[in-house]
Each structure stands twice: as structure tokens, then as C-alpha cells.
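First up is the structure itself, then whatever we jot down about it.
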Amino acid sequence: MNIKVCKFGGSSVRDSSQIKKVLEIIKKDKNRRVIIVSAPGRDEKFDEKITDHLLNIATNGEHFSKQKIYINIKQSFDSIINKFELLCTELNIDKKIIIEDLKKDLNNTVLKNKKREAFFLSRGEHYNSKIISTFIKNSGLNIKLMLPEDFGFILDDNYCNGKIQTISHQNIKNKFLFQKDEIYLVPGFYGITKDNDISVMSRGGSDLTGGELAYALDADIYENWTDTDGVYEVDPRVIKGANVIPRLTFKELRLLSSKGFNVFHFNAMLNCKKGKIPINIRNTNNPEHKGTLILNERVPMEDLVGIAKLDNMAAIHIQKDMLGDEIGFTAELLKIFGEYNVNTYHYPTDKDDISILVDQEDLKGNINNLRRDIERRLNTNSIYVSYNLSIITLVGIGLRQNTFTIVDAISALKENNISFDMFDMSPSKISFHIGVSQNVSDIALETLYKNLLKI
Ligand code: ASP
């Protein structure tokens with residue numbers, strides 16, 4: 001059977017007019033048989049996501065106050081109730097039982113700590129799925145609501161960062177039988193522990209629910225419906241008129257997303273990659289657009305598919321005579337960064353020098369002690385830190401065959417008088433990184449885009 005698993009994110013289900021678009025999308029293709037929905041995302045009237053309001057109540061207002069957002073728990077409570085009441089009214093659904101149950105859940109005082117947080121966090125998906133499935137059923141489709149607690153979507157007891165347990169895949173196979181024209185609707189993000197407590201995955205976790213269902217059911221495709229036409233060649237906020245990439249591999253997306261392209265939850269790709277299930281990023285607001293297909297393999301028609309840019313980076317240059325000959329030097333150095341919880345991105349190295357590229361945010365409050373530890377433990381000659389760098393990453397599996405693209409990139413920068421601080425080719429040869437000063441990074445990106453990607 002050709003099954004399409006479709007996940008609709010928060011922006012696609014944030015209000016009644018979006019939910020009506022979801023219905024049209026489902027109706028358009030009878031293979032869309034498994035639908036996963038998020039909690040309502042931000043809209044014009046409600047500035048914060050419902051999930052954040054829920055977490056705010058669970059944490060007694062700490063969730064917003066920590067971010068200097070002044071919304072107290074009473075306001076969060078009212079926002080949640082108003083949102084779901086409005087959805088019911090506008091979608092013509094009897095709200096009595098739904099709102100009564102929701103209020104009961106929001107007044108829960110029995111659960112404590114992480115169990116309480118996980119339970120509250122899950123309620124957005126839980127009630128939104130009830131409302132959306134009722135609305136779709138009323139339109140005449142044979143839709144069945146499948147709650148994680150009913151079909152056995154089992155997570156470990158990490159509560160707010162739950163990981164799927166493999167037994168869930170068999171449970172899904174046993175319960176999703178696709179009788180006649182049956183369509184299934186599943187709330188994303190949450191599951192249950194083996195002791196029947198609610199547990200949620202990490203934030204953005206509805207993507208993960210979709211990935212697990214697609215894998216377990218060996219779906220033909222996993223459609224990820226969101227509010228953008230797909231993955232862009234370059235950040236469209238910086239480069240107006242940038243195109244959507246029609247096809248790219250998991251590896252290419254991984255390289256782009258770790259460098260500032262935030263498309264969707266990376267872990268959701270792992271199972272799809274394992275099961276060779278293509279992921280299709282689609283736009284709920286522009287359903288005619290074919291979006292971006294993410295595949296295990298593709299014919300490398302073009303050398304380059306995308307250019308990502310990561311700002312606010314710092315490079316720590318370390319100099320010590322003959323460090324390249326000192327066994328264990330780099331291991332010890334990286335260990336020190338690990339002790340300060342600083343993630344290291346790249347480390348170009350030479351006989352007497354090494355540079356470590358990090359997110360400069362991670363150095364806040366750390367740099368003084370980090371430098372002192374490196375100096376003392378590794379007996380270095382000098383350490384120099386450059387701040388406000390941007391790393392521009394060019395990605396494409398075709399680069400492996402055509403390494404001269406690198407020459408074109410450097411020539412384009414030269415012609416525009418843009419100097420660079422760092423250059424590094426990845427071992428896989430499908431991406432290379434150019435470090436430039438942040439104040440010229442937008443110009444550098446535009447130059448590379450115009451010379452290498454724009455047709
Ligand atoms: N509602 C959850 C969140 O905001 C999960 C999701 O939308 O995927 O993180």
C-alpha cells in the first residue's frame with residue numbers, strides 16, 4: 001500500500017483557517033493516511049506558542065520569566081483556554097467536554113517535577129488532535145484519532161527528553177491496519193513510559209513522531225508540512241529571490257542544517273535515512289509547490305546545492321613549537337574544551353599551530369579560565385582569540401568530482417576584494433568552509449551565491 005505520512009507543524013495548525021487548509025491537503029491525495037499534528041503555534045493574536053504557555057504553568061511562571069517575558073501563569077492559563085475555545089467555535093465543534101477536560105488537566109496538582117512538566121507540555125498536541133480529528137470527521141472523512149497512550153508509543157522515562165523505545169514500532173504495525181479508507185490522526189511530540197506516565201521528546205518533537213511512524217509503517221514518503229516552500233539554497237532573509245533546493249541528500253541537509261539552516265528536527269531524519277524513506281518539506285500555505293525532497297541518494301546534477309552561513313563564531317589560535325609531533329596534544333586540548341562544555345566546530349591544524357572554531361556565545365564567562373587551563377596544561381607558546389567571525393559553508397555532493405568550484409569561490413571573493421581568515425575542506429569532500437569577518441559576511445554570501453549558484 002502506498003502510504004504517505006504527513007506531519008503538520010505548529011504554524012500549519014495554529015488557527016481555524018490553517019486547519020481548514022490541512023483538511024484540503026488531506027483530501028487532495030488519498031494516500032495521505034497518517035497525519036501527525038503539533039500544538040498550535042504562534043499567531044497574530046497569541047504571541048507565544050501554546051506549548052510555551054503550558055510549560056510556563058508547569059514551572060510556575062519560571063519558563064517565561066527566565067526569558068524576561070512577562071506573562072504570568074494566570075495569563076498563560078487564559079491564553080490556552082481562549083485558544084482552544086476559539087478553535088472549537090470557529091470549527092463548529094462542541095467544546096463542552098474538551099474544555100472541561102483541559103481545565104481539569106491544567107489544574108493538576110498531583111504530578112511533580114519533570115513528570116508534571118512532561119504532562120503539561122503534552123497537552124497542546126493532545127487537545128489539538130482531538131479538535132482537528134473531530135473537525136475532519138465532520139467533513140465526512142473516515143478519520144480515527146490514535147493517541148500515543150492507546151497504541152503504545154513508548155518512550156523512556158527521561159520525561160522531558162524522552163527517547164523512543166523500539167517496541168513502539170511493533171505496536172504501530174499492530175494497530176495501524178488501514179482498514180478500507182481509514183485515515184489516522186496522531187498527536188505528535190508525546191508518548192508514554194512503560195509505567196503509563198506521559199513523557200515528551202525534545203522540543204520540536206512532532207517531527208520525531210512522524211519519523212517514527214513513517215519508519216514503522218515503511219511509508220512511501222514522509223511529508224513535513226510547514227510554512228516555507230522548502231530548504232533554500234541560501235538564507236532567503238539575506239538573499240532575496242533565493243531558490244528552493246528541489247532535491248538533496250540527508251548528508252547534504254545535515255551539513256547545511258548544522259551550519260545555520262534550521263529546517264526540522266535532525267533526529268527525525270535518522271530513521272527515514274535508515275528506512276530509505278524520502279522526506280518532503282512542503283508549505284501548507286502554498287501546497288502547489290513541490291517543496292524539497294530529502295533522499296539517501298541522488299544523481300549529482302549540480303556541484304553545489306546550498307551555502308550556509310553561521311555568524312558569531314570565534315577562533316582560538318594556539319601556537320606551540322612542534323605541537324604537531326606531540327602525541328595526544330589535540331586530544332588533551334579538545335578535552336579541555338569539553339570540560340568547559342564548549343562545542344568545537346572545526347580545528348584546522350599545522351606543525352606548530354592549531355585553531356579551534358567555536359560559537360562565541362559558549363565562551364561567555366569561560367574564556368579566561370579556558371585560556372589559563374590550556375596554557376598551563378599544554379605549555380603553549382601563545383594563544384590568540386579572534387571574535388566575530390562568520391563561517392560560510394558550501395555544500396554539494398558534486399564537489400567531490402569538481403573540486404575546482406573551490407577555485408571559483410576564491411576567485412569570486414578576490415574580484416570583490418573580500419579577504420578570508422580561514423579555509424577548510426571537509427574530509428568527505430562534499431563541503432568546504434570559508435571563515436570571513438562578520439562585517440563582510442553578507443556581502444561574501446551574496447558574492448558566492450551570485451557566482452556559484454544563481455542561474
Ligand atoms: N509543540 C512542541 C513544541 O513546540 C512540539 C512540536 O511542535 O513539534 O516544541
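Atoms within each ligand, like the ligands themselves, are counted from 1 in listed order. The basis for the numbers below is simple: all heavy atoms, side chains too, and nothing from hydrogens, waters or symmetry mates.
The minimum heavy-atom distance between R237 and D235, with the atom names listed, is NH2-OD2, 2.7 Å.
Residues Q18 and N285 bring a donor and an acceptor atom of their side chains to less than 3.5 Å of each other.
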CA sep, side-chain torsions, deciding dist, call: E125, S206, side-chain contact (heavy atoms from CB on, under 4.5 Å)
CA-CA 9 Å; E125 272 71 11; S206 300; 3.5 Å; yes
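A salt bridge links D311 to K309: at least one charged side-chain nitrogen sits closer than 4.0 Å to a carboxylate oxygen.
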Pairs of donor and acceptor atoms involving the side chains of residues 145-157, under 3.5 Å and at least two apart or interchain, shall be tabulated with distances.
residue, atom, partner, partner atom, Å
E149, OE1, Y190, OH, 2.9
E149, OE2, Y190, OH, 3.3
D156, OD1, N158, N, 3.2
D156, OD1, K163, N, 3.1

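Residue-level contacts of ligand 1 at the 4.0 Å heavy-atom threshold are S38, A39, K49, T51, E125, F189, R203, G204, G205, S206.
Side-chain rings of F64 and H53 approach one another, their centers coming within less than 6.0 Å.
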